[in-house]
Amino acid sequence: MKQFLTFVKKEFLHVLRDKKTLLILFGMPVVQILIFGFALTNEVKNSQIVVVDYAKDIASQEIITKIEASRYFEIRKTLAGSKELEAAFRTGEIKMAIIFPEGFNNQLLHQNKAQIQVLADASDPNNATTLTNYVTSIINDYQADLNQENAVPLQIKPEVKMLYNPQLKGAPNFVPGVMALVLMLVCVMMTAIAIVKEKETGTMEILLVSPFKPLMVILSKAVPYLLLSMVNVVSILLLSVFVLDLPIAGNILLLFAESTLFIITCLTLGIFISVKTDSQQTAMLISLLGMLLPTLLFSGFMFPIENMPLPLQWFSNVVPSKWYYIIVKGIMIKGLGFSYVWKETLILFGITIFLLIISLKSFKIRLS
């Protein structure tokens, strides 16, 4: 028994002296609870909407005031017409538009009923349904307040129209998300073990005396996975079109070009991890945990980013899958062209160049 307690004491000392182990034991649970507590929510808050008020009467202004007071909505702007609506929806600036017809208050008082048109971006069906339920509840509350003051019951009927996905299918939301997740995990994990494998098998010395430049070595590691990942893109698109009945609304060549850029970004990230680690096990662990959780939490695929605190929203901007997810949704679901997704494309390109530069520098240091 004394020997057993001695070994237990020895293990305790080993653990307490190892800062990395202590960080995993006590730091990781705290970080995960904080991140998951703020990020893992399907509640929709601060959604960007616009109001088109043709009526400009007391009833429309009172409803707009109630919507502004709600924590669920943030009125981005109040438009005098509907010409800008389509562009705002296509670029993703807004999630919903509320349109008051001319003579809204007059219809309500003299005909005892009136309609409000509600347009929602249903490329994310769950989000669209939640938003329409929120705005319908606000309108019903206003209607109930009116009926307390009037002998004749007044009726305000929201006319809801779902854009891009009238049937509220789930495929338009999860296919782009799955594409981002699959490509991120496969590309990063496969290339993450590429250079580490050379270190473990002892062939790094051959690279030291080879005439190849570091850039050529990195490209030779990445090209096979680039071609194989494009096969994954083709298979996912074929399944989405012919099995899930999700047609590609935009230019398929543009979609392939954007997918190629995202794959290159992921491969470069995998090379960076490979250069910085010393074992295949460590590289795979970092690529799995380090890429899976950010893609699930901060791409906007499963949880609305606008609900998160500002520091987490800022962090989401460095997650490549967020920008690819926005691009794929825009091209596949909304039929957008390059003029609508050039900003996201430029960000992905910038992340790729940054990762490539620091990977080359780190690789040169390793070889020297």
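Values reported hereafter were calculated over all heavy atoms of this structure, with side chains retained and with hydrogens, waters and symmetry mates removed.
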Side-chain contact, heavy-atom cut-off 4.5 Å: [X] with [Y]?
X	Y	value
Pro176	Tyr325	yes
Ser321	Leu181	no
Leu237	Leu255	yes
Glu258	Phe338	yes
Ile327	Phe262	no
Ser123	Asn165	no
Trp323	Asn317	yes
Ile75	Ile49	yes

Would a hydrophobic clustering, with Ile, Leu, Val, Met, Phe, Trp and Tyr connected at side-chain separations under 4.5 Å, put [X] with [Y]?
X	Y	value
Trp314	Leu297	no
Val234	Ile236	yes
Val231	Leu238	no
Val318	Leu267	yes
Leu346	Val328	yes

Considering all heavy atoms, the nearest [X]-[Y] contact:
X	Y	answer
Val135	Thr132	CG1-O, 3.3 Å
Lys95	Asn127	CD-ND2, 4.0 Å
Gly300	Ile305	N-CD1, 3.7 Å
Pro294	Val319	O-CG1, 4.0 Å
Leu226	Ile263	CD1-CG2, 3.6 Å
Thr265	Leu355	O-CD1, 4.0 Å

Rounded distance [0.5 Å steps], [atom1] in [X] versus [atom2] in [Y]:
X	Y	atom1	atom2	value
Ser240	Asp245	OG	CG	10.0 Å
Met189	Tyr225	CE	OH	10.0 Å
Phe349	Ile264	CZ	CD1	9.5 Å
Ile99	Leu119	CD1	CG	4.5 Å
Ile98	Ser60	CD1	OG	11.5 Å
Ile358	Ile353	CD1	CD1	12.0 Å

| query | Pick one: which of Val118, Val160, Asp121, Val51 meets side chain to side chain contact (heavy atoms under 4.5 Å, CB included) with Met96? | reply |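 For Met96, the side chain to side chain contact (heavy atoms under 4.5 Å, CB included) test succeeds with only one of Val118, Val160, Asp121, Val51, which is Val118.
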
| message | The test is side chain to side chain contact (heavy atoms under 4.5 Å, CB included); show your working for Ile116 and Phe104 and say whether it passes. | response | CA-CA 8 Å; Ile116 299 175; Phe104 175 74; 3.5 Å; yes

Does [X] use its side chain to pair, donor to acceptor, with the backbone of [Y] at less than 3.5 Å?
X	Y	result
Ser299	Lys322	no
Ser137	Asn133	no
Asn105	Asp57	no
Ser274	Gly270	no
Trp342	Gly337	no
Gln107	Ala114	no

| task | Evaluate whether atom CD of Gln61 has more than 12 neighbouring non-hydrogen atoms of other residues, nucleotides or ligands under 6.0 angstrom away. | result |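 Yes, the 6.0 Å shell around CD holds more than 12 heavy atoms from other groups.
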
| task | Evaluate whether atom CD1 of Ile58 has more than 12 neighbouring non-hydrogen atoms of other residues, nucleotides or ligands under 6.0 angstrom away. | result | no

| request: Could you label the plane-to-plane angle of the Phe89 and Tyr164 rings as parallel, tilted or perpendicular, counting under 30° as parallel and over 60° as perpendicular? | output: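 Answer is perpendicular, since the angle exceeds 60°.
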
| message | Can you classify the ring geometry of Phe73 versus Tyr134 as parallel (below 30°), tilted (30 to 60°) or perpendicular (above 60°)? | response |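 The rings of Phe73 and Tyr134 stand perpendicular, inter-plane angle above 60°.
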
| field | CA sep, side-chain torsions, deciding dist, call: Gln155, Gln143, side chain to side chain contact (heavy atoms under 4.5 Å, CB included) | value | CA-CA 7 Å; Gln155 183 181 11; Gln143 176 182 293; 4.2 Å; yes

